[in-house]
Each structure stands twice: as structure tokens, then as C-alpha cells.
Amino acid sequence: MSQKGELAPRPSALGPRPFDFDLVIAGGGLIGGSLACALSGTGLRVALVEAVAAEAPEQPSYDERVIALSWGSRRILGAMGLWGAVAADAAPIHQVHISDRGHFGFSRLDRAELGVEALGYVVPARTLGVAIRASQAGHSGVDVLCPARLVGQQVRADGVDLEVGLEGGTRTLSTRLLVAADGGESPIRKGLGIRARERPYNHDAIITTVTADRPRPGVAFERFTETGPLALLPMTQGRYSVVWTCREDETAEILALSDADFLARLQGRFGHRLGWLIRPAHRRAYPLKLLLTRETVQPRLVLIGNAAHTLHPVAGQGFNLGLRDVAALAEVLADSAAQGGDPGSDPVLSAYRNWRGRDQREVALLTDGLARLFVNPWLPVRLARGAGLVGLDLVGPARRALARRLMGVGGRMPRLARGLPLKSAYGSPQGR
Ligand SMILES: Cc1cc2nc3c(=O)[nH]c(=O)nc-3n(C[C@H](O)[C@H](O)[C@H](O)COP(=O)(O)OP(=O)(O)OC[C@H]3O[C@@H](n4cnc5c(N)ncnc54)[C@H](O)[C@@H]3O)c2cc1C
């Protein structure tokens with residue numbers, strides 16, 4: 001690995017050519033960083049350009065967020081060799097309890113019904129960041145440029161010329177393929193005028209952690225309230241990650257509450273299923289929106305993660321969906337590299353788009369539907385959703401179908417999601 005623009009010349013598995021890199025990933029957050037890890041050892045020459053150092057307090061991806069990883073994501077991280085560095089901080093979810101505050105319906109999803117060790121795991125985003133960074137440092141094949149900002153791109157027929165701002169100046173790079181993993185506000189998407197369907201929810205998610213005096217290890221709670229969903233996710237040591245969705249006109253007031261008043265308000269919404277909630281950590285708010293890019297693939301360009309789809313956190317699906325993008329993209333790129341192919345060619349990018357489009361649309365619509373359905377105060381809708389939750393509890397197949405979708409299993413699964421290595425350009429499967 002080289003840092004800060006010290007690019008070490010290395011032969012590409014695809015033979016000599018006038019390009020600095022086979023692909024450049026712009027954005028080294030949760031998704032771009034994961035893709036760089038997945039591709040190390042494939043023989044592709046990869047550069048990762050990230051604007052903010054992983055350990056910096058203002059790092060926007062590896063922040064105070066706590067991520068509910070699906071079972072499918074746990075398998076992908078395992079196949080990428082990252083799970084070992086994450087496991088000690090990961091709390092399993094054995095059961096999800098879903099309820100509607102003040103109404104009659106509730107439902108449960110349980111690992112026993114699905115025959116898995118856990119429905120998912122709860123992991124701090126910072127822990128994922130540390131694991132991703134350590135993996136990049138330990139593998140060859142990826143040049144990490146950080147802090148470095150992509151400030152311009154010129155797409156040509158056979159590649160992309162990039163302008164990267166580094167400490168003390170700018171430098172130009174050329175690549176066969178540009179991967180935009182630069183987040184929901186993606187400067188690349190905006191700069192190239194790529195159209196996206198975008199709808200603000202007019203809600204914010206306030207996150208913090210609390211300790212419960214009667215913790216129920218392994219049980220995650222999703223409670224739908226009048227202003228939006230409230231999730232309490234089990235962490236290690238009796239802590240719970242709180243994701244409290246509120247109207248944006250309430251946010252400033254909730255952030256300004258004293259700890260005691262905040263806990264009283266939270267307890268009023270959540271009830272006493274976990275006894276008293278104490279010791280709240282720092283609170284932080286995130287504005288929420290739905291963003292779904294119409295075309296995630298353009299000539300010589302792929303958008304992945306939040307740059308392609310930014311979701312409501314109601315079902316904890318954003319990173320999980322993005323990690324499935326990573327696993328699928330890494331697979332088509334590794335297969336192409338093993339045959340000496342051009343990673344930015346139309347057939348490679350079309351294969352990726354055709355594979356991922358359906359999952360991306362369906363998960364975006366599912367989370368959007370849940371977010372809207374459960375804040376609707378209209379009586380018939382309230383009755384219907386109560387009946388829906390009861391029905392879901394009674395009807396095993398519907399509950400199992402929902403659980404499998406949220407667990408990120410089903411459909412055509414990438415090799416990494418099946419626990420298998422990628423192909424390497426040197427003829428044998430990538431060793432890990
Ligand atoms: C409150 C909340 C709770 C969530 N909970 C869950 C959950 O439980 N489960 C789940 O699966 N998902 C969850 N998510 C979603 C998850 O956090 C996102 O899907 C994930 O962070 C997306 O990662 P990303 O790398 O695509 O984008 P980002 O995290 O936005 O990272 C983008 C990166 O690109 C860098 N960058 C931007 N522009 C440039 C540039 N020009 N040059 C160089 N670098 C650049 C940024 O510095 C940043 O590091 C949650 C989201 C929120 C808001």
C-alpha cells in the first residue's frame with residue numbers, strides 16, 4: 001500500500017498499457033473501502049481516493065453510527081477476511097420484535113425459524129473502519145490516496161482522466177474504470193448530471209447509545225411511533241444502539257434535551273421492555289431521504305453504495321445492500337481480470353447492472369414503503385398495518401420471506417456471499 005500519492009509502479013495483470021490504474025475507487029468509506037479490500041489479490045491495479053482520514057473525528061462514514069449487519073453481510077465480510085477483526089465488537093441478533101406504539105399489532109422474526117446462527121449482527125461503524133483500514137494495509141494491489149479528494153473527471157471512450165487534490169497540489173491519474181463510492185451527495189453523480197429519483201422524508205434519525213438495566217441479549221426492537229420508527233439494537237455489554245426517527249422540526253429540541261429529559265422521552269416512546277434506560281451517549285442527527293439513481297452504470301463508470309441508493313435506515317439495509325453491490329462488482333471484475341479483460345468495458349459493466357438492479361430497486365421500495373406506512377396517522381391505514389403485523393405474526397411463510405429479504409440471502413448470490421473466494425488473475429482462486 002502507498003499513501004498520499006506515492007504511486008509505486010507495479011505491473012498490471014492485464015498487461016502493459018498507458019493507464020495508471022485498472023480502476024480507481026472514489027470514496028473510501030464503508031462501501032468504497034470494502035470494495036478495495038475485496039479486490040486486493042485479484043491482480044487488478046486499484047487506487048482508492050478518500051478525502052478524510054479514517055481516524056479523523058470528522059470522517060463521515062466511520063462515525064458514531066452503529067450498523068445492523070445482515071447474515072448475508074456477515075458471510076461476505078468473512079469471505080473477505082474482515083470478520084475476525086470485527087467479531088469481538090459484534091453482538092448477534094437472534095430475534096427482532098416489531099410493534100406499533102399505541103396499537104394492537106406486533107410480530108417477531110426469530111433465527112430458529114430460519115435455521116441460522118443469527119439473523120444478523122450489530123457492529124459500530126468505527127469497528128468496521130478499523131478492520132477495513134487494517135486489511136488495506138496488509139494487502140498489496142491497492143494504492144490508498146488519503147487525504148485526497150477527487151475534484152474532476154473526464155470520461156473518454158477507453159478510460160477516465162481524473163484530477164485529484166492532494167496536500168500541496170493536484171495530480172492527474174488515468175484509469176480504465178471509475179467507481180463512484182462517494183456517498184449520498186456523490187460529487188461524481190452530480191458533476192456528470194446523472195439523474196436520480198430523490199425524495200426527502202422530512203424526518204431525521206437521531207442516534208445514540210444507552211444502557212438497559214434489564215437487557216435482553218440477542219433481541220432487537222423496531223417500534224413504529226407516530227413520528228416514525230424507533231429501533232433499539234443490542235450491542236455488547238448491555239448497551240443498545242438507539243435510532244430514533246423524528247420530524248425534522250423536532251430534531252433541534254430533542255438534541256438540546258438534558259440527558260435525564262432525553263431518557264424520559266425515549267422511555268415514554270419505547271416502554272419498559274428493557275427496564276430503565278440509562279447512561280445515554282452523545283446524540284447526533286442525520287437527515288433522511290430516499291435516493292435511487294436511475295442508471296448506476298455509465299460508460300467507464302459505476303456508482304455503488306449510497307452514491308447509487310440512499311435509504312431510510314428503518315430496516316437497517318443501506319450498508320447491507322451496498323455490500324452486496326461490492327460482492328457482485330468484485331466478482332464480475334475478478335472474472336474479467338482472470339481472462340485479461342478490460343474492467344471498464346460494456347459487457348463487464350452490463351453484467352454488473354443486470355445482476356444488481358432488481359435487488360437495489362426492491363430493497364429501496366421495501367424500506368420506503370415501511371417508512372411511509374408506519375408514520376401514516378390515517379385510521380384505516382393504522383388498522384390495516386396493525387392487522388398486517390398480526391397477520392405477519394400468524395403467517396409463517398410471509399414472515400420467513402421478509403426475514404430472508406432483510407437477512408440478505410436469496411436470489412443469485414455472489415461467491416463472497418456464499419463464503420467462496422474470488423478468482424484471481426493469476427489463475428487460481430484468491431487466497432485469503
Ligand atoms: C442513522 C443511520 C443508521 C444506519 N444504520 C444502518 C444499519 O443498521 N444497517 C445498514 O446496512 N445501513 C445502515 N445505514 C446506512 C449506512 O450507513 C450507509 O449505507 C453507508 O454508510 C454507505 O456507505 P458509503 O461508503 O456508500 O457512503 P458514505 O458512508 O457516505 O462514504 C462516502 C465516502 O466518500 C468520501 N468522499 C466523498 N466525496 C469524495 C471525493 N470527492 N473524493 C474523495 N472522497 C470522497 C467521504 O469522505 C466518505 O468517506 C444507516 C444510515 C444512517 C444515516
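Since we're looking at a predicted model, the values are computed, not measured. Read the numbers this way: they start at 1 and go in the same order the structure lists the ligands and their atoms. For reference, positions follow the sequence shown, starting with 1.
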Students should be able to answer this: which protein heavy-atom is nearest to [atom], and at what distance?
| atom | value |
| --- | --- |
| atom 25 (O) of ligand 1 | I31 N, 3.0 Å |
| atom 28 (P) of ligand 1 | S61 OG, 3.6 Å |
| atom 12 (N) of ligand 1 | F319 N, 3.0 Å |

Q | Heavy-atom pair with the smallest gap, counting every atom of C246 and I206 | A | SG-CD1, 3.8 Å

If you measure from [atom1] on [X] to [atom2] on [Y], what distance do you get to the nearest 0.5 Å?
| X | Y | atom1 | atom2 | value |
| --- | --- | --- | --- | --- |
| I188 | Q153 | CD1 | CD | 5.5 Å |
| I25 | L150 | CD1 | CG | 12.5 Å |
| R324 | W355 | CZ | CH2 | 12.0 Å |
| E295 | R353 | CD | CZ | 5.0 Å |
| L162 | T170 | CG | OG1 | 12.0 Å |

Winner among [options] once heavy atoms are compared against [atom]:
| atom | options | value |
| --- | --- | --- |
| atom 36 (N) of ligand 1 | I67, D325, V52, D182 | D182 |
| atom 51 (C) of ligand 1 | E50, R65, E64 | R65 |
| atom 40 (C) of ligand 1 | L150, V122, V243, V314 | L150 |

Donor-acceptor pair, side chain of [X] and main chain of [Y], under 3.5 angstrom:
| X | Y | result |
| --- | --- | --- |
| Q267 | L277 | yes |
| Q298 | L301 | no |
| T293 | T296 | no |
| T208 | H282 | yes |

[X] N/O to ligand 1 N/O under 3.5 Å:
| X | result |
| --- | --- |
| A51 | yes |
| G316 | yes |
| A68 | yes |

(Q) Going by side-chain contact (heavy atoms from CB on, under 4.5 Å), L323 matches just one of I76, I67, L35. Which one? (A)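 So the option named by the test is I76.
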
Does [X] reach ligand 1, in the sense of a heavy atom lying below 4.0 Å from it?
| X | answer |
| --- | --- |
| A125 | no |
| Q59 | yes |
| A26 | no |
| A181 | yes |

Q | Given F270, Y286, F221, F262, the one that forms ring pair (Phe, Tyr, Trp, His ring centres under 6.0 Å) with W244 | A |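 For W244, the ring pair (Phe, Tyr, Trp, His ring centres under 6.0 Å) check succeeds only for F262.
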
At under 4.0 Å between heavy atoms, which part of [X] makes contact with ligand 1: side chain, backbone, both or neither?
| X | value |
| --- | --- |
| Y286 | side chain |
| A148 | backbone |
| P313 | side chain |
| Q317 | backbone |
| N306 | both |

Can you name the atoms of ligand 1, numbered from 1 with element, that are less than 4.0 Å from a heavy atom of [X]?
| X | result |
| --- | --- |
| I207 | 1 (C) |
| G305 | 26 (O) |
| G27 | 34 (O), 35 (C), 44 (N) |
| V66 | 5 (N), 8 (O) |
| P60 | 46 (C), 47 (O), 48 (C), 49 (O) |
| G183 | 27 (O), 30 (O), 32 (C) |

Q: Taking only Lys NZ, Arg NE, NH1 and NH2, and the carboxylate oxygens of Asp or Glu, determine whether D161 and R300 approach each other closer than 4.0 Å.
A: no

(Q) Closer than 4.0 angstrom, basic N to acidic O: yes or no for R415 and D335? (A)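 Salt bridge flag = yes for D335 with R415.
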
